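In what follows, a structure is listed as structure tokens, so that the remarks can point back to it.
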There are 2 protein chains.
Amino acid sequence: MERRLPPVVARLWGREIPSRRGPRPGLELDTVVGAAVRLADRDGLEGVTMSSLASELGVATMSLYRYVGSKEELLVVMADAATPEPPPINGRAWRPYLTGWTRANRDFLLQRPWLLTLGQHAPPLGPRTLRWLDRALAALESTGLSHAEGINITTTLTGYASRQAALTHAMTATTGTVSEEVGGLVEYGEILGAVLDPAEFPALDDAVRANAFGAAEVWIDDADFTFGISLLLDGIEALIARKADDRPTPIVANP
Amino acid sequence: MERRLPPVVARLWGREIPSRRGPRPGLELDTVVGAAVRLADRDGLEGVTMSSLASELGVATMSLYRYVGSKEELLVVMADAATPEPPPINGRAWRPYLTGWTRANRDFLLQRPWLLTLGQHAPPLGPRTLRWLDRALAALESTGLSHAEGINITTTLTGYASRQAALTHAMTATTGTVSEEVGGLVEYGEILGAVLDPAEFPALDDAVRANAFGAAEVWIDDADFTFGISLLLDGIEALIARKADDRPTPIVANP
DNA sequence: CTGTATTGCATACAGTGTACGCGATACAGA
DNA sequence: TCTGTATCGCGTACACTGTATGCAATACAG
């Protein structure tokens with residue numbers, strides 16, 4: 001029944017057929033990926049090179065291709081490996097759990113900003129990423145929402161988390177050339193003020209003058225994040241209430 | 001008063017000091033960027049090479065560096081140039097306007113998926129990108145929300161748009177090696193079903209069995225998008241109502 | 001013991017971004 | 001009008017990227 005999996009997926013799930021003949025592999029996929037992650041943490045994504053990774057591991061560059069089909073594949077596997085475990089539910093209700101879930105999502109993206117770049121390349125396929133998805137769906141199970149709705153909600157929340165992380169990262173980055181140029185030496189709001197024509201950008205100009213883009217610390221501040229997440233969850237809560245009204249006799253009773 | 005701007009910003013706003021001496025420039029920045037965008041549309045982002053761009057323009061590779069400080073800078077300018085104008089407000093209320101705004105945001109990301117990769121590199125700095133921000137803030141002006149809240153809402157909406165676009169793109173891409181491998185030959189849900197251990201991913205497994213990831217068409221379907229955006233706007237609407245209650249005598253009356 | 005699959009790796013190559021420097025150009029000031 | 005100089009396009013060069021290929025060493029299957 002088990003259809004032949006794409007190589008990346010097999011690699012992600014450790015489903016490679018073990019080799020029986022020939023010399024024993026001197027490395028393991030996990031070792032390679034772990035070193036790559038360490039490298040990305042230290043030097044950023046562009047510091048991860050097949051040769052830099054090889055020398056980190058003390059092997060020749062081409063040896064890596066015995067463990068990974070291509071660099072792109074390595075990146076996909078890295079992305080999953082670098083994703084932490086989702087927070088445990090511990091009996092929490094969907095709303096507090098998803099709040100923490102989204103916050104944790106943002107947090108690990110801020111800790112490993114290179115994941116932001118990698119996230120765009122492929123849909124969630126690895127065990128870690130899918131575990132996040134599973135936990136969110138599990139938390140929503142008692143709400144009576146459909147599977148499709150649950151998936152959509154999850155998408156929305158991760159979207160919020162990564163957008164927030166990307167923005168925060170862009171504003172506070174001390175490395176990375178363009179961001180550094182902008183976020184480091186000159187304040188963001190200051191640049192906007194210098195460049196905007198108030199007649200053409202009236203609303204934005206108002207915000208700038210009101211110092212809404214003020215200090216960089218605002219962006220790391222948690223109040224902003226909490227505000228946005230409440231917004232989202234309010235919408236979800238309203239939906240749940242609406243659906244409960246529409247179906248006065250649900251097939252599965254809500255506890 | 002006008003402080004010295006970072007080079008990228010100057011380039012984005014056409015604020016370069018025009019040269020008076022020496023041979024006339026044979027190209028203009030807009031021409032270069034336009035060609036680069038055309039190239040990205042045709043061959044994707046990795047088809048944009050300093051040499052490919054040069055030969056597209058009929059000049060030598062190194063000539064480009066008279067117009068652009070580095071390739072990264074080129075990409076930033078491209079991202080802004082490739083962003084279309086935001087939809088006009090035309091007297092619409094904030095809710096219908098922001099709905100269309102977000103949808104239009106997703107749409108142009110789907111038309112130029114390479115913008116998804118580029119969006120992460122720098123905060124909005126160019127005229128086009130900032131115009132989107134300005135229009136959204138303008139639409140929210142009559143709601144009595146603070147500037148900070150408006151910005152946060154905008155962030156949330158663009159986050160939703162880009163996440164949705166990224167996912168849709170990943171599922172339906174016919175190019176790009178990993179996505180192709182996954183989205184093209186084998187269905188996403190099928191892969192999940194083959195790989196998931198139901199005991200470890202109970203909720204997700206339920207969703208897969210219910211065919212919630214079913215046909216790829218679902219992902220382009222607009223119903224999903226509309227669902228999510230309603231969620232967000234419901235939350236915002238609730239916030240507006242709440243704030244209106246807190247201040248029974250608002251300075252500006254809501255029409 | 002032999003055959004073979006599989007290992008690590010050296011070599012090679014096409015392609016990348018860009019530093020540097022040159023002759024040609026066209027204006028500023030004499 | 002002449003000269004100096006800032007700026008142009010661009011040829012050359014270089015460090016570095018990902019990876020195709022092939023080969024000797026290895027260790028199990030028969």
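Predicted model only: the values in this text are computed from it and were never measured. In what follows, chains carry the letters A, B, and so on, assigned in the order in which the sequence lines appear, proteins first and then strands, with residues in each chain numbered from 1.
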> What integer distance in Å separates B/E46:CD from C/dG17:P?
Replying inline: 12 Å
> Which of residues 55-68 of chain A have a heavy atom under 4.0 Å from DNA chain D?
Replying inline: A/T61, A/M62, A/Y65, A/R66
>> For chain A and DNA chain D, what are the first and last nucleotides along the strand, 5' to 3', with at least one atom under 4.0 angstrom from a heavy atom of the protein chain?
In response: D/dT17 to D/dA29
> Which pair of non-hydrogen atoms, one from A/L116 and one from A/H169, has the smallest distance, and what is that distance?
Replying inline: CD1-CB, 4.4 Å
>> Can you measure A/K71 atom NZ to C/dG15 atom P for me and round it to whole angstrom units?
In response: 19 Å
>> For a quick test of reading the model, state the closest non-hydrogen atom pair linking A/E56 to A/A35 and the distance between them.
In response: CG-CB, 4.1 Å
> A/M50 CE to C/dC13 P: how many Å, rounded?
Replying inline: 21 Å
> Which pairs pass side chain to side chain donor-acceptor pair (under 3.5 Å) with one or both residues in residues 21-37 of chain A, sequence neighbours excluded?
Replying inline: none
Atom pairs, N/O to N/O, protein against nucleotides 23-29 of chain C, distance under 3.5 Å?
from: C/dA26; atom 1: O4'; to: B/G22; atom 2: O; distance (Å): 3.4
from: C/dC27; atom 1: OP1; to: B/R24; atom 2: NE; distance (Å): 3.4
from: C/dC27; atom 1: OP1; to: B/R24; atom 2: NH2; distance (Å): 2.3
from: C/dA28; atom 1: O4'; to: B/R21; atom 2: NH1; distance (Å): 2.7

> Do B/L74 and B/M50 have side-chain heavy atoms sitting under 4.5 Å apart?
Replying inline: yes
>> Could you report the tightest heavy-atom contact between B/A207 and A/L137, atom names first, then the distance?
In response: CB-CD1, 4.2 Å
With a 3.5 Å cut-off and sequence neighbours excluded, list the donor-acceptor pairs that the side chains of residues 198-205 of chain B form with protein atoms.
from: B/E200; atom 1: OE2; to: A/R131; atom 2: NH1; distance (Å): 2.1
from: B/D205; atom 1: OD1; to: B/R209; atom 2: NH2; distance (Å): 3.3
from: B/D205; atom 1: OD2; to: B/R209; atom 2: NE; distance (Å): 2.8
from: B/D205; atom 1: OD2; to: B/R209; atom 2: NH2; distance (Å): 3.2

> Under 3.5 Å, is there a donor-acceptor pair between the side chain of A/Y67 and the main chain of A/L27?
Replying inline: yes
> Taking only residues two or more places apart in sequence or in another chain, which ones pass side chain to side chain donor-acceptor pair (under 3.5 Å) with A/W13?
Replying inline: none
>> Return whichever of B/S51 or A/G26 has its heavy-atom-nearest nucleotide of DNA chain C closer to the 5' end.
In response: A/G26
> Given atom CD of B/E73 and atom P of C/dT18, what is their separation to the nearest angstrom?
Replying inline: 10 Å
>> Go nucleotide by nucleotide along DNA chain D from the 5' end; which of B/P25 and A/G69 gets its closest nucleotide reached first?
In response: B/P25
> With A/T129, which residues qualify under side chain to side chain donor-acceptor pair (under 3.5 Å), at least two apart?
Replying inline: A/D80
> In degrees, rounded to 10°, what is the bend between the two ends of the helix from C/dC1-D/dG30 to C/dA24-D/dT7, using five pairs at each?
Replying inline: 10°
>> So which atom in B/A212 and which in A/I151 form the shortest heavy-atom distance, rounded to 0.1 Å?
In response: CB-CD1, 3.6 Å
> So which of residues 27-41 of chain B are in contact with DNA chain C, with a heavy-atom cut-off of under 4.0 Å?
Replying inline: none
> Between B/D41, B/D107, B/T83, which is the residue that forms a side chain to side chain donor-acceptor pair (under 3.5 Å) with B/R112?
Replying inline: B/D41
> Who pairs with B/T154 by side chain to side chain donor-acceptor pair (under 3.5 Å), at least two apart in sequence or on another chain?
Replying inline: none
> Partners of A/W114 by ring pair (Phe, Tyr, Trp, His ring centres under 6.0 Å), sequence neighbours excluded?
Replying inline: none
>> Measuring from atom CG of A/L39 to atom CG of A/L45, what distance do you get when rounded to the nearest 0.5 angstrom?
In response: 10.5 Å
>> Tell me the closest heavy-atom pair linking A/K71 and A/V48, and the distance in Å.
In response: NZ-O, 2.8 Å
>> Just to verify, what does A/A54 make a side chain to side chain contact (heavy atoms under 4.5 Å, CB included) with, not counting sequence neighbours?
In response: A/V59, A/T61, A/L64
